[in-house]
Amino acid sequence: MSKKVFIFDDNKDILELCTLILEGAGYETKTSSTSNHIIDQIAGYQPDVILMDNWLPDVGGIEATQELKRHPLYKDIPVIYFSANNDIKTLAETAGAESYLAKPFDIDQLEEIVVAMIGK
């Protein structure tokens with residue numbers, strides 16, 4: 001059974017790129033351009049790992065990740081925080097994310113970080 005990745009980003013090109021890379025690497029993916037109602041979105045899909053953009057409309061990545069990390073059922077799903085912000089390490093720590101990836105990233109970096117989090 002394939003491992004599942006949920007990608008949150010409001011940039012369609014990034015969502016398409018990540019989907020292409022990760023599905024090509026054998027993962028199942030789901031995307032969303034908003035992190036509103038994060039628990040409902042996660043509950044319907046039960047991902048193995050989450051890629052969370054920092055800059056999202058309405059509810060930002062930090063707030064959404066913090067909400068997730070407070071949830072008893074979903075707090076253990078690893079979150080990879082990604083952003084073009086220079087201070088991404090601090091943002092990821094504030095959010096409570098397990099890892100982070102600076103944008104722009106290359107294909108290998110994305111695949112490596114997901115494999116490192118959840119395996120193949």
Side-chain angles (χ1 to χ4, degrees):
M1 201 159 117
S2 332
K3 302 227 167 145
K4 299 196 286 191
V5 185
F6 203 142
I7 309 151
F8 291 90
D9 200 307
D10 62 344
N11 180 325
K12 273 205 178 77
D13 295 339
I14 298 263
L15 292 177
E16 284 174 12
L17 179 67
C18 290
T19 299
L20 210 65
I21 295 167
L22 294 169
E23 288 187 351
Y27 296 99
E28 205 180 298
T29 62
K30 184 177 169 75
T31 62
S32 176
S33 58
T34 153
S35 57
N36 300 359
H37 312 293
I38 181 90
I39 302 303
D40 295 342
Q41 292 201 60
I42 294 299
Y45 188 62
Q46 307 274 338
D48 294 291
V49 68
I50 293 164
L51 279 165
M52 179 68 74
D53 182 35
N54 181 57
W55 188 252
L56 289 158
D58 306 326
V59 179
I62 287 183
E63 202 180 316
T65 304
Q66 287 173 339
E67 188 182 334
L68 191 70
K69 293 301 172 188
R70 284 194 299 270
H71 196 282
L73 287 178
Y74 306 122
K75 66 179 184 345
D76 296 326
I77 299 172
V79 174
I80 300 165
Y81 209 73
F82 68 157
S83 171
N85 191 302
N86 293 335
D87 211 11
I88 182 163
K89 186 174 189 287
T90 309
L91 293 173
E93 284 168 2
T94 305
E98 279 70 15
S99 191
Y100 60 88
L101 182 61
K103 289 178 183 176
F105 50 82
D106 65 44
I107 291 172
D108 295 338
Q109 282 178 304
L110 177 67
E111 203 178 319
E112 278 164 20
I113 200 163
V114 171
V115 170
M117 284 283 136
I118 59 171
K120 267 296 206 186

Rounded at 0.5 Å granularity, tell me how far [atom1] in [X] sits from [atom2] in [Y].
| X | Y | atom1 | atom2 | result |
| --- | --- | --- | --- | --- |
| K69 | D76 | NZ | CG | 7.0 Å |
| I39 | H71 | CD1 | NE2 | 4.5 Å |
| D10 | T31 | CG | OG1 | 12.0 Å |
| L51 | F8 | CG | CZ | 10.0 Å |
| L20 | L15 | CG | CG | 12.0 Å |
| S83 | W55 | OG | CH2 | 10.5 Å |

For the residue pair [X] and [Y], what are the closest heavy atoms and their distance?
| X | Y | answer |
| --- | --- | --- |
| I80 | V49 | CD1-CG2, 3.9 Å |
| L56 | D53 | CD1-O, 3.5 Å |
| F105 | F82 | CE2-CD1, 3.6 Å |
| I118 | D48 | CG2-O, 3.4 Å |
| T34 | Q41 | O-NE2, 2.8 Å |

Is it true that a side-chain atom of [X] and a backbone atom of [Y] form a donor plus acceptor pair closer than 3.5 Å?
| X | Y | answer |
| --- | --- | --- |
| Q46 | A43 | yes |
| Q109 | D106 | yes |
| S35 | G61 | no |
| E98 | V79 | yes |

(Q) Could you see if L101 belongs to whatever hydrophobic cluster contains M117? Use Ile, Leu, Val, Met, Phe, Trp, Tyr and a side-chain cutoff under 4.5 Å. (A) yes

Q.
Are L17 and L110 connected into the same hydrophobic cluster when the rule is that any two of I, L, V, M, F, W, Y join if their side-chain heavy atoms are below 4.5 Å apart?
A. yes

Give a yes or no on whether [X] atom [atom1] has more than 12 heavy-atom contacts from other residues, nucleotides or ligands under 6.0 Å away.
| X | atom1 | result |
| --- | --- | --- |
| K120 | NZ | yes |
| H37 | NE2 | no |
| I107 | CD1 | no |

Q: Begin from the C-alpha positions of Y45 and E28 and carry the test side-chain contact (heavy atoms from CB on, under 4.5 Å) through to its verdict.
A: CA-CA 10 Å; Y45 188 62; E28 205 180 298; 3.7 Å; yes

Q: Would you sort out whether T94 and Y81 count as a side-chain contact (heavy atoms from CB on, under 4.5 Å), showing the intermediate values?
A: CA-CA 11 Å; T94 305; Y81 209 73; over 6 Å; no

Q: Have a look at K103 and tell me which of D9, N85, N54 forms a side-chain hydrogen bond (donor to acceptor under 3.5 Å, both in side chains) with it.
A: D9

Report yes if some heavy atom in the side chain of [X] is under 4.5 Å from a heavy atom in the side chain of [Y]; otherwise report no.
| X | Y | result |
| --- | --- | --- |
| I50 | L68 | yes |
| Y27 | S2 | no |
| I42 | I77 | yes |

Q) Could you go step by step and tell me if I7 and L22 meet the side-chain contact (heavy atoms from CB on, under 4.5 Å) rule? A) CA-CA 10 Å; I7 309 151; L22 294 169; 4.2 Å; yes

Q: Begin with the C-alpha distance, continue with both residues' side-chain angles, and end with the deciding distance and a verdict on side-chain contact (heavy atoms from CB on, under 4.5 Å) for V114 and I21.
A: CA-CA 11 Å; V114 171; I21 295 167; over 6 Å; no

